[in-house]
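Structure record follows, encoded as structure tokens.
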Amino acid sequence: MTTENPTSLRIHLTQYLLLRNRLGHNLADAARLLPRYVTYLEELGHSTVTIADALAWCQQPPSPPGSSVWPRRMGAVRGFARYLTGIDPATEVPPIGLLPSRRRWRPPFIYSPDDIAALLGAAAALSSPQRAATYSTLFGLLAATGMRVREALTLDSSDIDWDDGVVLVRESKFGKSRNVPLSDSTAEALARYASLRESFDCTPGNESYFVSLTGRRVIYESVFEVFADLRRGSGIGRQSTVAPRIHNLRHTFAVTVLLQWYRDGEDVAARLPRLSTYLGHRDPRSTYWYLSAAPQLLALAAERLEPTLPQVNS
DNA sequence: GGTGAGAATACGCTTCGGCT
DNA sequence: AGCCGAAGCGTATTCTCACC
């Protein structure tokens with residue numbers, strides 16, 4: 001079974017991706033990276049996945065040593081190789097730990113209330129009234145609810161329950177759906193935009209809540225460019241060592257809620273599951289991740305925990 | 001059973017070139 | 001000018017498994 005030819009390797013790749021997709025995995029990385037890996041093997045005239053070839057391909061320039069790209073490529077190859085072992089026994093599966101991914105922690109930017117006001121003000125001052133309404137409502141929604149950008153952009157008009165003031169987030173990260181309750185002021189802002197939206201020139205069949213000037217659903221890349229302009233123009237984060245990002249609005253939301261609970265003397269551990277559900281996390285362990293975002297919050301947490309710590313000195 | 005570490009996976013950030 | 005979409009890379013969240 002050592003006579004696999006390049007063509008069959010490519011066919012196996014197609015079948016592998018198809019199978020994983022049917023099992024519910026997107027595997028966008030593998031779909032993008034592995035065809036190049038197969039091409040690499042074909043050019044070498046190799047028809048079997050080996051650890052040596054995998055290492056050589058993963059460490060190809062221009063990505064520098066230590067880049068997150070090397071372990072990312074290796075992860076894709078490992079998955080494919082596991083699948084291939086059932087087809088070609090000569091396949092070598094790169095072991096776990098070969099090109100391990102190094103976790104990096106980059107402190108997130110936490111927006112002050114003034115920062116958020118400046119961002120929303122700058123968005124509302126965009127020259128086109130439609131864009132001003134779209135982006136001030138979008139960034140306002142992100143800041144007020146901690147929703148992910150993708151979740152906001154995939155919202156349809158019908159996903160908003162105006163009677164109960166709730167937004168339905170459908171099929172979000174890892175296929176989960178949830179309801180996000182809105183404050184009165186947020187619901188009012190969304191209703192104002194919904195009313196304006198009726199005057200926008202939408203392409204037929206477009207149900208998206210947020211609409212671009214072309215009448216279509218707003219895409220992430222456009223949001224990024226607008227955000228970058230607004231950030232530069234308003235001077236947000238100019239003194240910060242880390243650049244403010246859109247997703248930091250979610251960090252800021254979570255940290256603000258937690259801080260408020262600590263200040264109010266709430267039983268944070270007991271209430272945390274509610275925040276986890278609100279943010280769309282599977283369990284509170286993911287939410288604890290946000291604790292490391294704000295030193296101020298850690299200090300408060302430590303202060304609260306101190307009386308319960310065992311006394312080690314006599 | 002609970003927990004921590006690291007792998008696996010999906011969403012986010014950024015750039016770029018092309019289109020309208 | 002604004003939007004679109006692909007590509008490469010970064011980060012957030014879940015899964016898995018060894019260890020206690």
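Computed over heavy atoms, backbone and side chain alike; hydrogens, waters and symmetry mates excluded. Naming: A, B, ... by sequence-line order, numbering from 1 per chain.
Protein atom CE of A:Met147 is 14 Å distant from nucleotide atom C1' of B:dC11, rounded to whole Å. The separation between A:Leu230 atom CG and C:dG2 atom C1' is 14 Å, rounded to whole Å. Put simply, CZ on A:Arg150 is 12 Å from C1' on C:dG5, counting in whole angstrom units. When the P atom of C:dA12 is taken as reference, atom CZ of A:Phe253 falls 17 Å away, rounded to whole Å. The interatomic distance linking A:Arg245 (CZ) with C:dT11 (P) rounds to 6 Å, in whole Å. In this structure, A:Leu142 atom CG and C:dA12 atom C1' are separated by 16 Å, rounded to whole Å. Remark: C1' of C:dG10 and CZ of A:Phe224 are 12 Å apart, rounded to the nearest angstrom. Atom pair A:Leu249:CG and B:dG12:C1' shows a separation of 13 Å (rounding to whole Å applied).
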Start with the C-alpha gap between A:Arg78 and A:Glu92, add the side-chain angles, then the distance that decides, and say whether salt bridge (Lys or Arg N to Asp or Glu O under 4.0 Å) holds. CA-CA 9 Å; A:Arg78 189 178 296 123; A:Glu92 296 175 6; over 6 Å; no

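Under the rule for a side chain to side chain contact (heavy atoms under 4.5 Å, CB included), the partners of A:Val223 that lie at least two apart in sequence or sit in another chain are A:Tyr135, A:Leu138, A:Phe139, A:Leu153, A:Val218, A:Ile246. Every residue was checked against the side chain to side chain contact (heavy atoms under 4.5 Å, CB included) condition with A:Pro129, not counting sequence neighbours, and none meets it.
Using a 4.0 Å heavy-atom cutoff across all strands shown, A:Ile219 reaches at least one base atom of the nucleic acid. Here A:Ser127 lies in heavy-atom contact (under 4.0 Å) with sugar-phosphate atoms only.
Note on A:Ser212: a side-chain N or O is less than 4.0 Å away from OP1 or OP2 of C:dC4. Listed pair A:Arg216 / C:dC4 meets the phosphate criterion, a side-chain N or O lying under 4.0 Å from OP1 or OP2. At least one side-chain nitrogen or oxygen of A:Arg148 sits closer than 4.0 Å to the OP1 or OP2 atom of C:dT13. Put simply, A:Arg131 has a side-chain N or O that comes within less than 4.0 Å of OP1 or OP2 on C:dC3. The side chain of A:His251 places an N or O atom within less than 4.0 Å of a non-bridging phosphate oxygen (OP1 or OP2) of C:dA12. Taking side-chain N and O atoms only, A:Arg82 has a distance below 4.0 Å to OP1 or OP2 of B:dA8.
Counted by atom type alone, A:Asp156 and A:Ser158 present zero donor-acceptor pairs between their side chains at under 3.5 Å.
Closest contact between the side chain of A:Arg250 and the listed nucleotides C:dT13, B:dA8, B:dT14 involves C:dT13. Nearest nucleotide to the side chain of A:Arg78, out of C:dC3, B:dA7, B:dT14: B:dA7.
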Every protein N/O within reach of nucleotides 16-20 of chain B N/O, cut-off under 3.5 Å:
| unit_1 | atom_1 | unit_2 | atom_2 | d |
| --- | --- | --- | --- | --- |
| B:dC16 | N4 | A:Glu225 | OE2 | 3.3 |

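One distance of note links OH of A:Tyr83 with CG of A:Asp88; it measures 12.0 Å at 0.5 Å rounding.
For the side-chain contact (heavy atoms from CB on, under 4.5 Å) test with A:Tyr16, the passing option among A:Ile11, A:Ile87, A:Leu34 is A:Leu34; the others fail.
Without hydrogens or angle criteria, A:Gln130 side chain to A:Phe200 main chain gives no donor-acceptor distance under 3.5 Å.
Ring-plane geometry between A:Tyr111 and A:Phe109 is classed as perpendicular, the angle between the planes exceeding 60 degrees on a 0 to 90 degree scale with a lower cut at 30.
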